[in-house]
Peer 1: 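If you scroll down you'll find the structure; I have some questions about it.
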Amino acid sequence: MGGVAAAVNLRKRGIDFTVFEKAEGPGGVWWANTYPGCGVDTDSLGYSFSFMPYGWKRSHGTQPELQQYVQDVIDNYDIGSNFRFSTEIEKAVWDDATRGYELHLSTGEREHYDVLVSAVGMLSDPALPQWPGFDSFEGTMFHSSQWPAELDPTGKRVAVVGTGATAAQLVPALAPQVAHLTLYQREPHWVLPRVVEVFSPERQAELARGGLGIKMQRLRAFHSISTYLSGFTVGSKKHQQLEQSCRDLINRTIEDPALREIMTPTYPYGCKRPVKTSDFYPALNQPHVDVVPAAVSAVTPTGLVDVAGGRRDFDVVVLAVGFKATEYLSSLPVIGPDGVSLQEAWNGNPEAYVGTTVAGFPNLFIMYGPNTNGGGPMTAQLERQAELVARMCAAMKKKGRIMVTSRKAMKSFTKWVDEKNEMKWSALSAGCNNYYFAESGRNVTQWPMSHLRFLIKTKLAPMRGISLQR
């Protein structure tokens, strides 16, 4: 969705562009993730672009509908011919002679472009565990984002490892199909109830038309999300309300008192990303579903071993263990003017000015970059970045110059983000495992303020830290 947002804004500015996509079609995470029950837990009105009203079928989109939305955006703006699918950029190297990037493509070709916009996101590179015996399993084992199209789970013994948002969607959808399902839980998540509304044809038509009424409803959706995000402040009234709502859901929907205890976190609400679903807990009540409250420690040819020493045999193992969220651009090596890669320059501590540009790497933009997650619907954050990308590209084209980022401005921005994140997350992060923190100990994923503040920062970026040079 980041790549499509950038493409639409570039088209509006009259900028020539090519979108490279390693998958066979558009959608990003919504193309790759096809596991049963896959969808978004954000309101559809919020999880859509302001420039593309849509006749959503449900209040929360499912994977097929979300992938179709991305395709429809491409069709609506007539940019399909700008996409090259099944083509991965294996490496991008700055070329002083052409003042741009030489792309090494998976097709064996090399092509030059003035500007590189990374839209690989932070949820595209699976974080596979390094368990002893990992390759010895004789059954079927895979990451949840690589669901085999030919897999038939009917009558099989299935293990799901992980209890985050993916597992919470997958377990209720998968349980009715299998002979037995075992959920491995290192530690529980806080789970908020979610009511999904199926829209009538009339409502779908109203949403598709857009207009002032829908814009107002969209603003209310933004306000609701902002109110929800205010609950991440420990001790606040909203924080207490949300945690109590999670406890009420546990007590209301889990029948076994022992299972309630297993599924109740011991850390503050918000330390991990909360899960939103009303189907997960009821699925655990079924007699053929059980929960192992322990992490996996090893793999055997026939199954899994947990840290408590328990051994169980399975036909299928699904790894719902997340992604390399803090290792930005781990799948896209970028080499700067001094021959140093972006990963080497970051040295385990990703940072970018307004989460979008990096000092020492001219003409490079990063969609969904460091410290852009949160603040509002991700689609809105992506729109603000896309607008900045298109504005700077138009200025570069007009003036025949390259874009550079001030190191001082980037460091100042990073310090500001760190201070705000410390105020917001310090009480939450103590002793908690989440995907927010890099090897350096910094919170490198989360945006600590409102979406309005992010909008202001991106609008002011060309005056505060980004400049054009010959």
Side-chain angles (χ1 to χ4, degrees), residues 1-2 4-5 26-50 52-73 121 123 144-145 147 163-176 189-208 210 213-229 231 242 245-246 249 253 272-283 320 368 373-383 451:
M1 297 189 81
V4 171
V29 296
W30 304 120
W31 176 274
N33 290 268
T34 59
Y35 60 82
C38 181
V40 70
D41 59 11
T42 302
D43 188 296
S44 297
L45 265 177
Y47 197 81
S48 52
F49 295 124
S50 64
M52 182 70 179
Y54 201 63
W56 295 102
K57 298 177 182 178
R58 296 156 45 101
S59 59
H60 300 76
T62 60
Q63 179 270 330
E65 187 177 14
L66 291 159
Q67 194 277 322
Q68 186 62 50
Y69 175 68
V70 178
Q71 180 65 65
D72 290 346
V73 173
L123 300 175
S144 57
S145 65
W147 194 274
T163 50
T166 295
Q169 294 177 346
L170 175 59
V171 169
L174 191 58
H189 282 62
W190 288 111
V191 178
L192 286 167
R194 184 192 67 169
V195 177
V196 177
E197 179 184 358
V198 178
F199 294 145
S200 67
E202 294 75 19
R203 176 60 171 161
Q204 293 177 40
E206 179 188 14
L207 291 170
I214 298 302
K215 288 181 179 179
M216 294 303 296
Q217 293 174 35
R218 191 173 151 83
L219 284 174
R220 284 195 290 271
F222 268 62
H223 176 71
S224 176
I225 292 170
S226 297
T227 302
Y228 157 72
L229 291 171
L242 289 171
S245 179
C246 293
L249 184 66
T253 58
K272 291 176 179 286
R273 182 189 187 278
V275 174
K276 298 178 184 178
T277 174
S278 296
D279 303 327
F280 180 48
Y281 289 152
Y368 206 178
N373 191 50
M378 198 56 231
T379 47
Q381 300 282 94
L382 292 173
E383 278 196 63
H451 175 67

Peer 1: Is Thr62 close to Cys38 at the side-chain level, that is, under 4.5 Å between some pair of heavy atoms?
Peer 2: no
Peer 1: With rounding to the nearest 0.5 angstrom, report the CD to CG distance, Gln381 to Asn373.
Peer 2: 8.0 Å
Peer 1: Whether the side chain of Thr379 engages the backbone of Gly46 through a donor-acceptor N/O pair (distance < 3.5 Å, no angle test) should be reported.
Peer 2: yes
Peer 1: Identify the heavy atoms of Pro172 and Ala283 that sit nearest to each other, and give their distance.
Peer 2: CA-CB, 3.8 Å
Peer 1: Can you tell me how far NE2 of His189 sits from CZ of Phe280, rounded to the nearest 0.5 angstrom?
Peer 2: 9.5 Å
Peer 1: Could you report the tightest heavy-atom contact between Val70 and Val4, atom names first, then the distance?
Peer 2: CG1-CG2, 3.6 Å
Peer 1: Taking the side chain as everything from C-beta on, heavy atoms only, tell me whether Lys57 gets closer than 4.5 Å to Val198.
Peer 2: no
Peer 1: Pro26 pairs by side chain to side chain contact (heavy atoms under 4.5 Å, CB included) with which of Gln68, Met1, Gln67?
Peer 2: Gln67
Peer 1: Any side-chain heavy-atom pair from Tyr281 and Val171 closer than 4.5 angstrom?
Peer 2: no
Peer 1: Please step through side-chain contact (heavy atoms from CB on, under 4.5 Å) for the pair Leu192 and Cys246, ending with a clear verdict.
Peer 2: CA-CA 5 Å; Leu192 286 167; Cys246 293; 3.6 Å; yes
Peer 1: Which heavy atom in Leu123 sits nearest to a heavy atom in Val29, and how many Å separate them?
Peer 2: O-CG1, 3.4 Å
Peer 1: Nearest 0.5 Å please: distance from the CD1 atom of Ile214 over to the CD atom of Glu206.
Peer 2: 4.0 Å
Peer 1: Of the non-hydrogen atoms in Ser44 and Gly61, which two are nearest, and what is the gap between them?
Peer 2: OG-N, 3.3 Å
Peer 1: Roughly how far, to the nearest 0.5 Å, is the OG atom of Ser48 from the OH atom of Tyr69?
Peer 2: 4.5 Å
Peer 1: With rounding to the nearest 0.5 angstrom, report the CG to CZ distance, Leu382 to Phe49.
Peer 2: 6.0 Å
Peer 1: Using every non-hydrogen atom in the two residues, find where Ala168 and Thr277 come nearest and quote the distance to one decimal.
Peer 2: CB-CG2, 3.9 Å
Peer 1: Given 3.5 Å as the limit, does a donor-acceptor pair link the side chain of Ser144 with the main chain of Ala320, or not?
Peer 2: no
Peer 1: According to salt bridge (charged side-chain N to carboxylate O under 4.0 Å, His left out), does anything in residues 28-44 pair up with another residue at least two apart or in another chain? List the pairs.
Peer 2: Asp41-Arg273
Peer 1: Once rounded to the nearest 0.5 Å, what's the spacing between atom CD of Gln204 and atom CZ of Arg58?
Peer 2: 11.5 Å
Peer 1: Which word best sums up how the rings of Tyr47 and Trp30 line up, parallel for under 30°, tilted for 30 to 60°, or perpendicular for over 60°?
Peer 2: perpendicular
Peer 1: Are side-chain heavy atoms of Pro36 and Trp147 found at a separation under 4.5 Å?
Peer 2: yes
Peer 1: So, Gln217 side chain and Leu45 main chain: donor-acceptor pair closer than 3.5 Å or not?
Peer 2: no
